[in-house]
Peer 1: 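Quick one: structure below, then a few questions.
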There are 2 protein chains.
Amino acid sequence: MNETIHGMPPTLHDVAREAGVSLATASRSLNGSTRKVNETYRARVLEAAERLGYVANLSAQSIAKGTSSTLALIVSDIADPYFSSIASGVVRDAEQLGLVSTIGITQRDAKRELDIVRTLRGQRPRVVIVAGSRFVDAELDEQLTRELEAIRNLGGRVVMVSQRSLPFDTVQIDNHGGARDLALALVERGYRSFAALTGVSSLMTARDRLAGFRAGLAEHGLELAEERVFESDFTRDGGYDAGGRMLERGIDDIDCVFAVNDVMAVGAMSRLREEGVDVPGRLAIAGFDDIATARDVTPALTTVRLPLEQVGAAAIELATAETDGHAIVTISGEVVVRESTPQRG
Amino acid sequence: MNETIHGMPPTLHDVAREAGVSLATASRSLNGSTRKVNETYRARVLEAAERLGYVANLSAQSIAKGTSSTLALIVSDIADPYFSSIASGVVRDAEQLGLVSTIGITQRDAKRELDIVRTLRGQRPRVVIVAGSRFVDAELDEQLTRELEAIRNLGGRVVMVSQRSLPFDTVQIDNHGGARDLALALVERGYRSFAALTGVSSLMTARDRLAGFRAGLAEHGLELAEERVFESDFTRDGGYDAGGRMLERGIDDIDCVFAVNDVMAVGAMSRLREEGVDVPGRLAIAGFDDIATARDVTPALTTVRLPLEQVGAAAIELATAETDGHAIVTISGEVVVRESTPQRG
DNA sequence: CTGTTAGCGCTTTCAA
DNA sequence: TTGAAAGCGCTAACAG
């Protein structure tokens, strides 16, 4: 591992010279797929490469081959456990495949997402996984679709992680079904008057979950009045805030609150605790996602478990599979009842 | 935004032809730094690029310029809030600088970390930020240093986020000092007999925090016997597990437990709760990091706040500053006392 | 200020 | 099998 003392990295050229073979032979020995190289030469090349500490320049490879070894992952917020779990699965599997993972963060801003995808084209990524939430905005969807199609035209695979909405392979998360099941489970446990804390209505995920929850309630002839739906950011602080607004309005006619995701639920629980509201004694609460923290808050949070790391794996699988570009893999959640929603008299 | 209908992406060549100028002029208009292009031409080029939906091929740029626009971030585990917070800060600032962030996950495996850094060389990254924990292993440190030096020799900036141990610019986190302060604060609040839950001793972070904690106790003539130190994984489940072992041993002679990071503390709290131990009534607990969840568990967790996103920002700053390659920025933590360690009789 | 032309490091025909 | 040589898309001298 004798690095070139000089500033310049050893190139394939150096390796070839060192090994006394041609550039082509060196290339074939080091990276060529179908081995058609004399073992003696091959060994000499490998040895020379080792000695020089040679590592192929990926950029050069990309441009020579016309295809990169990059996987681009787009998430809303990497500090959010929902996305970091997915990212964890994606990056791990990508490494397995020899793909370098790049990451883009949209901060839940549709415009930004578009910008990111646009610059992504410059990377000529082999795979793009868009895990950020979809927005309810036909215009932006249209543009995003065009950008993603452009990437696909360049040979990149595009996989969406979200509800099915854009014409690409997608790992669909059954938000509606999960929320519906949760509603059924809660009614089953004796709850009757609900409130909801939700993200801004332009987020499809928030919408779908709320709609699913309502559908579940409807099956029991219950409904969730608009005035009991508190909209805020799709974050812990958003939940904290929405919880506060709910308290201001008054909770006399509420026995259970559904937060459309766990981080909001957790934020709301903290707010309720601060305001002296007994959870679950006075008010039960449930979330969605089953992030790690759900087990660790007190009371432990009832939620809908989503196999998040598996979602990442599924996305990669889809990206490497032969599909017509419109394949859908649905991941369903499973209701996990914990102490935050005890059986109710 | 008329994409080329064909499979091939528009190249700079296409843009130049379309605009009726030379390749060089097109390049200068689009990316050249010092503007020396007639406004008319420039406009024509921009317009043509827009029309064709041209986006420069980053790989080609990298190789032509001899320098990439990649920032490589290495973390132990992106699903861990400690690292995802840092990553969040890093990626955000990197985007500002027009750098593409790639991410590598070591899974707290020193060998793996070395592999990752090695393959990183292929990217010829402009910046490498190593945020994974350091290990107590001179041999591996030696090798890692060599690899990182190789990257630096190629013009890449290397920044470590951790204790100061390798000869690179580093954002040093004052683990020792923070833990010491925490110990002092706990003694101040009346605690006298401590136990500790810690990560494997080969992790420098775990070591330093434990040492700092002991140093703080020592200032009051207290000590932490080895038999009250429970070693496990540096994760939530590790804390859960270590907490269990502590209970098995018996906690009659313990009034406060220090977990070397918040996720372990949170795991331990869950275990204690499950086993019916009243926290903080019977046993107080404190952590380190101040992850978001620390506020949301019950009781809220006393900890040492580390400005994590700021750590990421500091790393980028160091990477873009003029340094001798041995600069150190120290980030100190601040004790945050919450309900998990009430004042004691 | 603009265009021509040589590379950047690597892969891949195409002959030998 | 191996090597020579022609690119891949872009930038950066170097002349005009």
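A, B, ... follow the sequence lines: proteins, then strands. Residue 1 opens every chain.
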Peer 1: Among residues two or more places apart or on two chains, list those pairs meeting side chain to side chain donor-acceptor pair (under 3.5 Å) that have a residue in residues 94-104 of chain B.
Peer 2: A:Arg112-B:Glu95, B:Thr102-B:Gln123
Peer 1: What contact category does A:Ser27 fall into here, base, sugar-phosphate, or nothing, at under 4.0 angstrom with non-hydrogen atoms?
Peer 2: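 Base, at least one base atom sits under 4.0 Å.
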Peer 1: Determine which pairs satisfy salt bridge (charged side-chain N to carboxylate O under 4.0 Å, His left out) with at least one residue from residues 319-331 of chain B, sequence neighbours left out, and list them in order.
Peer 2: none
Peer 1: Return the value, rounded to whole Å, for the distance between atom CG of B:Leu12 and atom P of D:dC8.
Peer 2: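 Taking atom P of D:dC8 as the reference, CG of B:Leu12 is at 14 Å.
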Peer 1: B:Leu30 has an atom CG; how far is it from atom P of D:dT11, in whole Å?
Peer 2: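 Distance check: B:Leu30 CG to D:dT11 P gives 8 Å.
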Peer 1: Rounded to the nearest Å, what distance is computed from the CD1 atom of residue B:Ile63 to the C1' atom of nucleotide D:dC10?
Peer 2: 9 Å
Peer 1: Taking the minimum atom-to-atom distance to the side chain of A:Asn57, which one of D:dC10, C:dC10, D:dG9 wins?
Peer 2: C:dC10
Peer 1: Whole angstroms only, please: what is the CG-C1' distance between B:Leu58 and D:dG9?
Peer 2: 11 Å
Peer 1: Output one line per pair: protein atom, nucleotide atom from nucleotides 2-5 of chain C, and distance, for all N/O pairs under 3.5 Å.
Peer 2:
| residue | atom | partner | partner atom | Å |
| --- | --- | --- | --- | --- |
| C:dT2 | OP2 | B:Asn38 | N | 2.6 |
| C:dG3 | OP2 | B:Ser22 | N | 3.2 |
| C:dG3 | OP2 | B:Ser22 | OG | 3.3 |
| C:dG3 | OP2 | B:Thr25 | OG1 | 2.6 |
| C:dG3 | N7 | B:Arg28 | NH2 | 2.7 |
| C:dG3 | O6 | B:Arg28 | NH1 | 3.3 |
| C:dG3 | O6 | B:Arg28 | NH2 | 3.4 |

Peer 1: For A:Ile74, run the side-chain contact (heavy atoms from CB on, under 4.5 Å) check against A:Ile129, A:Val117, A:Ile103 and tell me which one passes.
Peer 2: A:Val117
Peer 1: Please determine, for the side chain of A:Ala64, which listed nucleotide (D:dC10, D:dG7, D:dG9) has the closest atom?
Peer 2: D:dG7
Peer 1: Which whole-number value in Å describes the distance from A:His13 NE2 to C:dC8 C1'?
Peer 2: 13 Å
